[in-house]
K.L.:
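Sharing a structure, written as structure tokens. Questions coming.
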Amino acid sequence: MKRQIYRLLVNALVFFVAARFLPIEASTLLHFIGAGMVLGLVNLIIRPLLIILTIPLNLLTLGVFTLVINTWMIMLTSALFPGFAVHGFGVAFLVSIMVSLANWGLIKITR
């Protein structure tokens with residue numbers, strides 16, 4: 001349970017920092033936390049299915065296609081959560097890289 005809370009906070013922090021440099025909009029600071037929660041739920045429910053369905057493509061690209069899947073999860077979060085908007089695939093791709101690196105760092109720190 002603690003790990004999920006840390007991941008939620010890291011996702012919200014990444015969204016907040018990314019909004020300073022990229023065209024990401026959020027109505028209030030609570031929208032960043034809400035978007036982190038929605039991203040966590042989307043990653044819990046939809047991402048595993050997409051990973052399984054795209055195993056051949058992932059093997060062909062040596063795992064790089066996972067970044068595209070993460071980008072789709074960011075875009076889906078933006079579509080599902082009102083008050084939080086990520087504009088464009090390129091911006092979502094950059095945010096997905098930031099989220100991936102931040103979560104990787106969190107895993108390294110907590111172990």
K.L.:
Is there a side-chain contact between Trp72 and Phe89 in this structure, where contact means two heavy atoms from C-beta onward sitting under 4.5 Å apart?
P.N.:
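Side chain of Trp72 against side chain of Phe89, heavy atoms only: contact under 4.5 Å found.
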
K.L.:
Answer yes if Val42 and Val95 sit in the same cluster of Ile, Leu, Val, Met, Phe, Trp and Tyr residues linked by side chain heavy atoms under 4.5 Å apart, and no otherwise.
P.N.:
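In one cluster with Val42: Val95, yes.
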
K.L.:
Within the 4.5 Å heavy-atom criterion, are Ile107 and Arg7 side-chain neighbours or not?
P.N.:
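Ile107 reaches Arg7 side chain to side chain.
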
K.L.:
How long is the gap from CZ on Arg3 to CG on Leu8, to the nearest 0.5 Å?
P.N.:
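One finds 14.5 Å between CZ of Arg3 and CG of Leu8.
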
K.L.:
Counting C-beta onward and ignoring hydrogens, is there a side-chain heavy-atom pair between Arg47 and Thr66 closer than 4.5 Å?
P.N.:
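Heavy-atom side-chain distance check passes, below 4.5 Å.
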
K.L.:
Among Leu94, Leu22, Val91, Thr71, whose side-chain contact (heavy atoms from CB on, under 4.5 Å) with Val86 holds?
P.N.:
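Single side-chain contact (heavy atoms from CB on, under 4.5 Å) partner of Val86 among Leu94, Leu22, Val91, Thr71: Val91.
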
K.L.:
Are Ile24 and His87 side-chain neighbours, meaning at least one heavy-atom pair lies under 4.5 Å?
P.N.:
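SC-SC contact between Ile24 and His87 ruled out.
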
K.L.:
So do the side chains of Met73 and Leu50 get within less than 4.5 Å of each other, counting heavy atoms only?
P.N.:
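Yes, side chains in contact.
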
K.L.:
Of all heavy-atom pairs between Leu67 and Ser96, which one has the smallest distance, and what is that distance?
P.N.:
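Taking every non-hydrogen atom into account, O-OG, 3.7 Å.
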
K.L.:
Looking at Ile33, Val99, Thr77, which one forms a side-chain contact (heavy atoms from CB on, under 4.5 Å) with Asn11?
P.N.:
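Only one option passes, and that is Val99.
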
K.L.:
Verify, without hydrogens or angle tests, whether Thr61 (side chain) and Phe65 (backbone) share a donor-acceptor contact under 3.5 angstrom.
P.N.:
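Present.
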
K.L.:
Please check if atom CZ in Phe81 has more than 12 non-hydrogen atoms from other residues, nucleotides or ligands closer than 6.0 Å.
P.N.:
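Result for CZ/Phe81: enclosed.
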
K.L.:
Which residues end up grouped with Ile52 if you chain together Ile, Leu, Val, Met, Phe, Trp and Tyr wherever their side-chain heavy atoms are less than 4.5 Å apart?
P.N.:
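Traced through the cluster, Ile52 reaches no other member.
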
K.L.:
Which word best sums up how the rings of Phe15 and Phe84 line up, parallel for under 30°, tilted for 30 to 60°, or perpendicular for over 60°?
P.N.:
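Ring orientation, 0 to 90° scale: tilted.
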
